[in-house]
Amino acid sequence: MPPTSNPAVPWTTWALRVTAALFLFMTLAQGLLAGLFVTGDAGLLTVHSAVGGTLSVVAAVQVIAAVLDRRGRARAGQPAGRRLIVLSVLALVMTVGQIGLGMARVVAPHMFIGVTTAAVAMLALLLVLTENRWIPVQVSGLAQEVR
């Protein structure tokens, strides 16, 4: 019997992919909302604030998913780097800092860190989609040994 592979991707990897993509899209939406607010639509400040709070939850879930995915990879003998954990923690810290700066109306650093957060989010998603692939595990002739 020829060896088979297990193409299944663990739920932790899927959770990491989804949270990284969601975090990036929400971060980009924040830039759009801020730009529309600056052009005169004052009601979007409330939406911008609500999205920021939700963004911090998504960032926290991304940190948890990155840690769990790394642990699962280590157990499965897969390459398990710490870069995604570091980027996820950095994104969470920057997001929480953004909330504080936004509430204090400290606009210049708030905008700079917002752009930097979007760059970190893009890098994290790039790593998730390129370097964070599961390598199929080859199953040896266990069926032959059972007979």
Side-chain angles (χ1 to χ4, degrees), residues 1-37 44-146:
M1 197 177 252
T4 60
S5 62
N6 181 8
V9 177
W11 69 269
T12 55
T13 301
W14 278 110
L16 189 55
R17 289 174 181 173
V18 168
T19 55
L22 187 59
F23 186 81
L24 173 60
F25 293 135
M26 289 178 71
T27 303
L28 295 175
Q30 284 292 78
L32 176 65
L33 290 169
L36 291 172
F37 164 71
L44 289 178
L45 183 60
T46 306
V47 177
H48 181 77
S49 178
V51 172
T54 307
L55 196 57
S56 65
V57 173
V58 172
V61 172
Q62 182 176 331
V63 169
I64 293 167
V67 170
L68 292 176
D69 192 58
R70 184 182 184 286
R71 288 181 66 201
R73 286 175 180 284
R75 286 186 188 149
Q78 299 279 330
R82 290 189 173 96
R83 284 192 282 190
L84 280 169
I85 295 173
V86 171
L87 284 175
S88 298
V89 169
L90 179 62
L92 177 60
V93 169
M94 291 171 78
T95 302
V96 171
Q98 281 290 84
I99 292 171
L101 290 171
M103 293 293 194
R105 304 288 193 254
V106 182
V107 178
H110 182 75
M111 290 173 66
F112 174 75
I113 295 173
V115 171
T116 307
T117 303
V120 168
M122 286 181 211
L123 181 58
L125 183 60
L126 181 68
L127 286 175
V128 166
L129 296 177
T130 58
E131 293 184 4
N132 206 34
R133 293 178 295 206
W134 274 77
I135 302 166
V137 177
Q138 297 293 327
V139 179
S140 61
L142 292 176
Q144 293 174 354
E145 293 175 12
V146 173

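All values reported here derive from a predicted model rather than from experimental measurement. Residue numbers start at 1 and run along the sequence shown.
Paired with Thr117 under the rule side-chain contact (heavy atoms from CB on, under 4.5 Å), one option of Leu55, Thr95, Val93, Leu90 passes, and it is Thr95.
When all heavy atoms of Gln62 and Ala20 are compared, the pair lying nearest together is OE1-CA, 3.7 Å. The two atoms that bring Thr19 and Ala65 nearest to each other are OG1-CB, 4.5 Å, heavy atoms only. The nearest pair of heavy atoms linking Gln98 to His110 is NE2-O, 2.8 Å. Val120 approaches Ala91 most closely through the heavy-atom pair CG1-CB, 4.3 Å. When every heavy atom of Leu84 is checked against every heavy atom of Ser88, the shortest pair comes out as O-OG, 2.7 Å. Between Trp11 and Leu68, the shortest heavy-atom contact is CH2-CD1, 3.8 Å.
Note that CD of Gln78 and CG of Asp69 are 9.5 Å apart. Values are rounded to the nearest 0.5 Å. Distance check: Leu16 CG to Leu129 CG gives 9.0 Å after rounding to the nearest 0.5 Å. To the nearest 0.5 Å, atom OG1 of residue Thr27 and atom CG of residue Leu22 are 9.0 Å apart.
Leu44 has its side chain within reach of Val47: a pair of non-hydrogen atoms, C-beta onward, lies under 4.5 Å apart.
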Please lay out, stage by stage, how Thr13 and Arg73 fare under the test side chain to side chain contact (heavy atoms under 4.5 Å, CB included). CA-CA 9 Å; Thr13 301; Arg73 286 175 180 284; 3.9 Å; yes
Could you walk me through whether Val51 and Met26 pass the side chain to side chain contact (heavy atoms under 4.5 Å, CB included) test, one step at a time? CA-CA 7 Å; Val51 172; Met26 289 178 71; 4.0 Å; yes
Leu101 vs Ile113, side chain to side chain contact (heavy atoms under 4.5 Å, CB included): CA-CA, chis, key distance, verdict: CA-CA 10 Å; Leu101 290 171; Ile113 295 173; 3.6 Å; yes
Step by step, work out the side chain to side chain contact (heavy atoms under 4.5 Å, CB included) result for Ser49 and Met103. CA-CA 9 Å; Ser49 178; Met103 293 293 194; 4.1 Å; yes
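Other residues, nucleotides and ligands contribute over 12 non-hydrogen atoms within 6.0 Å of the CE atom of Met94.
Contacts classified as salt bridge (Lys or Arg N to Asp or Glu O under 4.0 Å) and involving residues 115-127 (residues at least two apart or in different chains) are not found.
By the side chain to side chain contact (heavy atoms under 4.5 Å, CB included) test, Leu24 is found to be paired with Leu28, Ala121, Met122, Leu125, residues two or more places apart in sequence or in another chain being considered.
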